[in-house]
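So that the names make sense, note that chain A is the first sequence line, chain B the second, and so on, each numbered from 1. The structure presented is a predicted model; accordingly, all values stated were derived computationally and were not measured.
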Amino acid sequence: MQDINTTFARPEGLTDVVTHYCPGCTHGVIHRLVAEVLVELGLRERTVGVAPVGCSVLAYNYFNTDFLESPHGRAPALATGFKRLRPDMIVFTYQGDGDLASIGMAEIVHAANRGEKFTTIFVNNAIYGMTGGQMAPTTLPGQVTATCPFGRDTALTGMPIRMVELLSSLATPAYLERVAVHSPAHIVRAKKAIKTAFTCQKEERCFSLIEVLSTCPTNWGITPGEATQWLDANLKAFFPLGVYKRPEGMQ
Amino acid sequence: MQDINTTFARPEGLTDVVTHYCPGCTHGVIHRLVAEVLVELGLRERTVGVAPVGCSVLAYNYFNTDFLESPHGRAPALATGFKRLRPDMIVFTYQGDGDLASIGMAEIVHAANRGEKFTTIFVNNAIYGMTGGQMAPTTLPGQVTATCPFGRDTALTGMPIRMVELLSSLATPAYLERVAVHSPAHIVRAKKAIKTAFTCQKEERCFSLIEVLSTCPTNWGITPGEATQWLDANLKAFFPLGVYKRPEGMQ
Amino acid sequence: MNQFEVTMAGFGGQGIMLAGQLLSYTGLKDGKNVVWIPSYGPEMRGGTAYCTVVISDIRIGSPIINTPTCACVFNRPSFDKFAPRVKPGGLLIVNSSLINVSTDRKDLTEIQVPATQIAIDAGNGRATNIVVLGAFVGATGVVKYDTLISVVEEKLGKKKELFEINRRVLDMGYKIGRERAAQRSHA
Amino acid sequence: MNQFEVTMAGFGGQGIMLAGQLLSYTGLKDGKNVVWIPSYGPEMRGGTAYCTVVISDIRIGSPIINTPTCACVFNRPSFDKFAPRVKPGGLLIVNSSLINVSTDRKDLTEIQVPATQIAIDAGNGRATNIVVLGAFVGATGVVKYDTLISVVEEKLGKKKELFEINRRVLDMGYKIGRERAAQRSHA
Amino acid sequence: MPGVVIDKNHCKGCELCVKACPQKILSMSREITLRGYFYAQMHDPSRCIGCRICAITCPDAAISVHHHGQMYVLFEY
Amino acid sequence: MPGVVIDKNHCKGCELCVKACPQKILSMSREITLRGYFYAQMHDPSRCIGCRICAITCPDAAISVHHHGQMYVLFEY
Amino acid sequence: MAKILMKGNEAIAEAALRAGATNYFCYPITPQTEVAEYLAKRMPDYGGVFLQAESEVAVGNMLFGAASTGKRVFTSSSSPGISLMQEALSYMAGAHLPCVIINIMRGGPGLGGILPAQSDYFQATKGGGHGDYRILVLAPSNLQEAVDLTMLAFHLADKYRNPAMIIGDGMIGQMMEPVEFPEKYVEEELPVKTWAATGASGRKPLIIKSLFLDPNALEHNNILLKEKYDQMAKEEVRFELYKTGPKNRILLVSYGTMARICQTAIDALEAEGISVGLFRPISVYPFPHSQLREEISRPNVESVLTIEMSMGQMLEDVERAVAERKPLAFFGRTGGIVPSPEEVIEQIRKLLDAQPAPRKAKKA
Amino acid sequence: MAKILMKGNEAIAEAALRAGATNYFCYPITPQTEVAEYLAKRMPDYGGVFLQAESEVAVGNMLFGAASTGKRVFTSSSSPGISLMQEALSYMAGAHLPCVIINIMRGGPGLGGILPAQSDYFQATKGGGHGDYRILVLAPSNLQEAVDLTMLAFHLADKYRNPAMIIGDGMIGQMMEPVEFPEKYVEEELPVKTWAATGASGRKPLIIKSLFLDPNALEHNNILLKEKYDQMAKEEVRFELYKTGPKNRILLVSYGTMARICQTAIDALEAEGISVGLFRPISVYPFPHSQLREEISRPNVESVLTIEMSMGQMLEDVERAVAERKPLAFFGRTGGIVPSPEEVIEQIRKLLDAQPAPRKAKKA
Ligand SMILES: Cc1ncc(C[n+]2csc(CCOP(=O)(O)OP(=O)(O)O)c2C)c(N)n1
Ligand SMILES: Cc1ncc(C[n+]2csc(CCOP(=O)(O)OP(=O)(O)O)c2C)c(N)n1
Ligand code: SF4
Ligand code: SF4
Ligand code: SF4
Ligand code: SF4
């Protein structure tokens with residue numbers, strides 16, 4: 001009998017716990033990508049993650065690394081505190097769009113601007129998932145949510161905030177990229193981006209942030225399959241994918 | 001005897017109080033410009049200002065308008081609350097760089113992004129004045145302050161934050177300009193900018209913010225005259241003057 | 001009756017909350033005191049959801065009921081959780097389409113209703129909750145059936161077609177409930 | 001002496017705080033209990049600034065002294081504010097270069113010192129505080145003059161030239177203080 | 001010969017793998033898991049090309065991919 | 001004929017007007033104000049061109065500018 | 001008006017609208033987000049302001065700005081969100097600005113959980129922010145009261161020019177009960193708000209602030225505040241007595257939904273012939289100090305039992321009122337666990353067992 | 001070591017460094033900014049971390065992250081800044097993380113003023129954040145004590161895995177007094193910090209959190225916290241008695257610099273033959289409850305006078321301890337006004353006048 005080779009398996013970076021995420025929610029994909037990268041770069045054992053408040057608040061149960069659970073929006077401050085004292089460790093925050101772009105705006109801008117050498121995985125699903133589908137800073141114009149039941153009116157609430165664009169206006173070096181995880185090809189690209197981000201940290205270069213366009217079938221009120229289509233047609237159009245900033249000397 | 005004509009006088013928009021500002025501090029110039037503009041546009045009687053925490057905390061004593069005194073950094077939130085309920089009134093915030101760019105980062109970004117129709121006068125003097133000269137987000141690389149006594153080390157604290165650049169990355173319409181007040185010519189230009197900003201508000205167009213490069217002779221540790229030179233040579237170099245954003249249909 | 005408490009439990013999406021609310025509206029219309037309280041705890045996402053309705057002739061004290069007079073369980077985890085909690089002498093209504101066990105408690109009345117099957121057969125699997133609601137009222141008479149019908153019409157009557165299904169399965173549930181309870185009381 | 005309190009007051013920039021601190025260091029070196037406390041209130045920017053030094057043989061209780069044993073006033077507003085507060089039998093040292101009035105209180109010793117003039121003449125207008133400090137110690141002897149000299153050398157001795165001026169005006173102040181106090185006590 | 005293993009325990013029945021599979025050989029079971037989900041299953045294992053696309057797509061890391069002997073990897077992941 | 005009036009009460013002696021005046025006709029007094037400042041004064045009023053530059057510069061709005069009759073305004077302010 | 005069945009969060013929202021509070025700022029947080037969701041739908045009908053802010057810090061400060069117009073403004077949140085408003089609340093109290101805050105409390109500390117709790121009592125009644133200020137705090141125990149007290153809170157906030165708070169818990173927020181709204185909300189007339197910022201037209205500029213660099217002025221402001229709090233203590237104390245009188249051997253002290261559970265327990269014991277009374281503070285600040293003392297002092301009361309969904313916070317206020325006149329016991333559950341009537345009964349029995357004689361005043 | 005003359009803020013900073021706390025996060029605010037300025041200069045020598053954050057909200061959360069490493073971390077701030085840290089403090093307490101916060105209090109509420117005050121007592125001792133947690137709070141009355149208690153605070157924070165706070169006021173921060181530092185700071189040995197996040201290498205992942213969705217787990221955490229607070233109440237109560245004993249007719253209760261002023265007043269009255277004693281809580285949480293009660297209960301004590309630079313906050317704790325055993329009076333100044341010894345004497349005289357008879361126990 002021939003040997004059995006495994007070309008794909010649940011990464012060692014994830015625990016064997018069934019997540020609480022809704023069926024088809026791509027938070028799960030992003031978790032897996034981070035877990036894979038940490039293992040592939042040999043960083044897992046010296047990594048500490050910082051969980052946000054949001055649907056991924058329980059991320060600490062799913063990653064096979066040490067974890068801190070942050071107050072809403074403040075993960076970058078926790079990461080700063082930790083990383084400054086332990087520059088030898090790998091630190092990442094995992095944050096939703098409400099967490100990072102709304103309540104946590106000051107903390108992420110300042111952490112990025114100070115050039116804190118941690119990595120942020122920013123999950124943009126254009127809505128507040130955990131609290132049941134309220135408007136996020138990233139909610140698209142006209143999109144219906146529980147707190148904009150007649151569709152987001154940009155005359156009253158402004159335009160969606162594009163975080164990587166905003167952060168790339170800062171003068172401090174950083175690695176900033178926007179990716180998506182709604183199709184296999186995008187997932188492959190997303191993994192590369194996440195790997196680059198952690199590599200920046202591993203090499204003690206700079207702050208790195210990957211914005212990941214993600215689905216929230218539950219609060220978008222559609223099936224997982226439809227959600228990937230909606231993301232592709234709408235979210236991706238407003239939030240263009242690509243590398244927005246790269247530290248000097250990084251290919 | 002011929003009539004006496006007055007071509008320049010203390011504007012009606014200022015009270016007759018001697019300010020607590022240090023000699024040569026250009027906070028005073030900026031106050032005067034705002035006061036002049038409010039009177040010239042006929043807005044004074046329906047204006048409410050929001051004072052920050054910073055050297056200009058007592059601004060409410062100097063302007064001949066109603067005033068609110070805000071917690072540190074939160075003036076844009078106060079202004080939002082007020083203006084939303086009284087869109088017929090003219091609302092402006094007057095904020096320092098510590099107030100606006102450090103502790104108040106989230107509030108100013110979100111107010112700007114929602115397109116709140118008030119005006120912000122942002123006084124950038126590259127230092128914390130009131131508390132005695134600590135590092136601000138706008139402190140220049142190498143600049144010595146009480147909390148970076150060996151000069152600002154950008155490897156530890158990042159680069160100075162350019163607020164109008166950062167805000168101009170937002171998609172919501174706004175009027176954003178950076179000016180300076182260290183010479184008569186700059187003062188004249190600054191007044192035009194402030195007038196444009198209030199005109200945007202008067203016409204109910206958009207959020208407007210004028211960043212004003214200002215001196216702090218006391219905490220820079222030099223004379224007022226030297227301070228104007230230092231501003232011209234250093235601050236202006238890092239913070240280029242000009243219009244960064246204009247709403248459509250505004251010349 | 002002084003006070004009657006019923007807990008409805010199942011997967012999120014089985015219409016548990018709505019069933020409880022319809023019952024509450026009915027109680028109110030009947031002139032009773034009512035309280036409806038949902039679970040909104042850690043079970044919320046992807047687990048079991050439940051709500052409790054208290055219907056009473058007197059002022060309702062605690063809205064938190066650990067041992068209700070009745071439990072309507074829509075799936076297996078709910079059966080496991082709530083069957084043991086029903087007050088002695090109480091009632092257990094079981095959605096037998098998804099639950100293939102029955103309690104070994106002898107101190108309560110258990111009524112098995114193939115609610116999901118009935119709903120699917122009637123053309124709308126999501127009407128499981130209405131079947132159970134009918135069965136509950138049939139078995140207990142805790143509110144007037146006429147009032148219930150009028151409430152269901154009021155709240156769900158907008159989409160004609162769906163309403164007709166609901167109306168039909170409500171009756172079916174009601175009949176099963178009434179019959180089984182009668183059998184029991186004669187047994 | 002059990003406890004001696006002195007308030008030094010003037011414009012910000014006149015070296016008030018430093019004078020108080022030098023006195024405190026001297027008291028400590030003399031083996032006394034000392035407390036120095038600045039005003040950091042609303043007066044801070046552009047108004048008067050003052051500090052108080054308490055020198056005591058016993059444990060010092062309250063550091064807040066409303067009626068000091070002595071006040072050294074460097075400018076007119078300070079004179080107006082503190083002259084009335086000095087304890088009866090106390091001492092008032094007035095920088096007569098900037099203050100052209102004197103108190104009408106009969107219950108205290110007033111010593112006029114043209115401190116700013118002396119300092120300017122000696123080549124450093126900013127040494128006003130040192131003149132006054134010298135005068136204070138000369139008039140009160142609350143600390144040892146030798147100790148004071150060593151402290152001034154320790155703290156201000158780095159810049160040779162400036163130190164020499166300071167050293168000189170300290171002496172001048174000290175002499176004025178000693179003489180005037182002596183006159184007074186013989187008057 | 002490649003093949004996939006789907007961990008019923010982790011599968012939540014989102015159907016994303018079914019949609020993603022280029023060979024269209026995955027489908028949903030008619031049975032329900034303990035958590036109340038219909039789970040994904042392989043209905044035509046012989047046609048599996050071991051491309052890993054289902055596994056990459058699965059948000060719950062419920063799928064692993066194996067094969068006997070050597071295999072050409074279609075793309076880096 | 002133009003002329004400036006400097007309000008001693010508001011002047012803090014920063015000297016910015018002195019530096020700004022294109023005619024160099026302002027200078028600092030040797031007297032001190034109640035607040036402890038040397039204040040600005042006009043030492044050659046006859047040469048004042050009424051350009052308002054000193055007034056525009058003054059951070060304390062201590063200066064007003066007046067003139068008799070008509071005058072050409074050098075720039076808009 | 002007829003009774004309608006409503007969810008607590010929605011009933012509170014509706015009550016606010018009916019009290020003329022059509023200006024609402026919020027940030028979502030469980031278990032009160034329905035307040036926001038309800039208002040998002042309804043506000044356009046009122047031409048009022050509904051704004052979801054970037055954070056609770058911003059919410060607090062938007063309230064500050066909005067209250068300065070003189071209009072009625074409010075927010076709702078839950079424990080961690082309320083913590084973030086403390087600086088702004090201190091400022092608003094210092095500046096004598098009215099506003100209403102609804103705190104649907106959840107288990108803490110930290111992120112804690114989302115189930116019902118009463119562990120923000122200290123924060124609400126002692127002032128979680130800095131400085132000598134207080135918030136007027138009302139604690140409803142059922143939805144009708146939640147409606148009534150919400151409307152009252154706006155009145156009292158205006159009357160005292162001070163923030164007022166409603167504290168409830170997830171039960172109040174999440175449950176449905178029949179409620180009745182007055183046809184038209186009538187309230188005692190209040191003075192015209194001459195303190196509101198409306199522009200310096202025809203009058204001197206007006207300043208709304210809490211900064212007083214002169215310590216005498218700041219002390220004066222503190223004295224003004226204290227006078228208001230003293231007045232509240234005289235005029236705004238509210239409480240309910242349940243089955244107290246010349247017979248009850250035990251006096252329970254409990255508030256909010258917890259008190260309601262106590263009532264069930266009391267009824268059950270009464271059926272057994274055991275007389276237990278309940279003192280329920282409705283205003284928890286001002287605390288009904290002397291009224292409680294009076295009830296405690298009845299000769300038939302053998303001991304006092306404070307019950308809270310916390311580790312013992314109101315307990316300290318009760319302790320001050322009891323002042324050792326009677327033995328004082330405490331029972332609390334936390335973290336989202338709601339004590340059942342059975343548990344309460346057990347606690348009462350324990351006390352009765354420990355105190356067999358009908359009268360035994362213990363005093364050291 | 002020889003005594004050196006230092007400013008309070010600097011002495012506190014130096015004390016922290018000597019206690020091995022070389023990780024400091026801050027945001028400037030008067031009257032304590034010298035702590036930051038001193039550390040900005042000194043920290044490079046220690047190879048520690050000095051970071052000026054964007055706000056006090058960030059400071060609180062940086063402490064959270066930094067404390068998770070197991071190293072000693074601290075901050076200093078003043079009243080409004082402390083209000084902004086309340087959410088983070090609640091989280092840290094919930095997650096059992098040690099840290100030290102220095103609060104150099106100023107007059108409030110709101111922006112208030114910058115002069116000395118004691119009006120954050122409630123916030124510090126009752127918990128300004130949400131949930132059932134407490135902070136260990138020490139209140140020095142002179143600079144030597146500020147130094148000693150700062151060092152102690154780090155030890156106790158670690159011992160209890162709980163935030164600890166030093167509360168002082170502008171006087172403590174701004175004045176210079178001679179202080180002495182131990183040659184080498186020695187402290188009782190503490191367990192190894194196995195709870196620190198150091199990477200899941202050779203062990204299971206470790207989680208630092210305050211979230212417990214299961215109410216039983218959350219209640220369990222609250223019970224753990226309560227046990228620590230009970231232990232503190234047993235082991236960490238600190239206080240000073242000044243001229244109390246069998247003679248003092250009046251007992252003053254006062255803390256911090258205010259107590260020091262009371263001592264001056266007491267000395268002056270003693271010279272007149274009037275005996276007054278002082279009870280000075282050093283740990284204000286845990287409050288020296290039974291110790292105070294003991295002093296109060298002495299037969300010679302006719303009445304108790306609480307003096308604070310506030311409108312009366314510690315007063316509530318004193319009230320609980322006094323429990324009407326003796327008449328209790330209060331004197332407070334606020335807003336930055338520091339009562340003089342003369343004012344204190346006047347208050348004492350008033351009490352003595354009101355109570356001419358040497359013994360008159362009043363009890364309702
Ligand atoms: C201070 C505070 N405010 C509000 C909340 C409630 N809350 C929990 S999660 C959340 C938003 C989550 O949205 P997002 O960050 O977009 O993440 P998602 O759930 O969509 O993944 C909010 C507002 C909280 N826990 N703490
Ligand atoms: C919450 C809070 N944090 C800190 C302070 C202290 N503080 C007062 S002013 C100020 C900074 C002022 O600097 P900036 O905004 O640059 O204005 P400037 O004084 O330079 O005009 C700070 C930190 C405060 N009052 N409140
Ligand atoms: S609510 Fe949305 S983001 Fe949250 S787990 Fe469900 S699908 Fe994912
Ligand atoms: S400290 Fe600086 S900013 Fe403040 S008044 Fe003085 S010069 Fe102006
Ligand atoms: S993608 Fe994963 S969770 Fe979804 S159906 Fe397929 S195996 Fe199940
Ligand atoms: S610019 Fe104004 S303040 Fe400065 S010296 Fe001239 S008049 Fe005086």
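Going from atom CZ of G:F25 over to atom CG of B:L85 covers 5.5 Å, rounded to the nearest 0.5 Å. Atoms CZ and CG, from B:R114 and G:L51 in turn, are 5.0 Å apart once rounded to the nearest 0.5 Å. The distance from atom CE of G:M62 to atom CD of B:E116, rounded to the nearest 0.5 Å, is 6.5 Å. Here CG of B:N61 is found 6.5 Å from NZ of G:K209. Values are rounded to the nearest 0.5 Å. A distance of 7.0 Å separates OG in G:S55 from CZ in B:R74, rounded to the nearest 0.5 Å.
Heavy-atom pairs under 4.5 Å with chain B were tallied for G:I207, G:N23, G:V59; the largest tally goes to G:I207. Taking chain G as the reference chain and counting heavy-atom pairs below 4.5 Å, the highest number among B:R44, B:R84, B:K83 is found for B:R84.
For B:L58, the part lying near chain G is the side chain, with the backbone staying farther off; criterion is any non-hydrogen pair under 4.5 Å. For chain G, no part of B:V91 is nearby; none of its heavy atoms comes within less than 4.5 Å. Contact of G:T198 with chain B is made through backbone and side chain together, with heavy-atom distances under 4.5 Å. Only the backbone of B:R46 comes within contact range of chain G, judged by heavy atoms closer than 4.5 Å.
Considering only heavy atoms from C-beta on, G:P205 stays 4.5 Å or farther from B:T65 through its side chain.
Within a 6.0 Å sphere centred on NZ of G:K71, heavy atoms belonging to other residues, nucleotides or ligands number more than 12.
Checking side-chain atoms of G:N61 against main-chain N and O of B:L78 turns up no donor-acceptor pair under 3.5 Å.
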Candidate pair B:N113 and G:E54, rule side chain to side chain contact (heavy atoms under 4.5 Å, CB included), full reasoning: CA-CA 11 Å; B:N113 191 67; G:E54 60 270 33; over 6 Å; no
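Here the closest heavy-atom approach between residue B:E69 and residue G:Y91 is recorded as OE1-CE2, 4.2 Å. Nearest heavy-atom pair, G:A197 versus B:L68, reported as atom, atom and distance to 0.1 Å: CB-CD2, 4.2 Å. The two atoms that bring G:A58 and B:A77 nearest to each other are O-CB, 3.8 Å, heavy atoms only.
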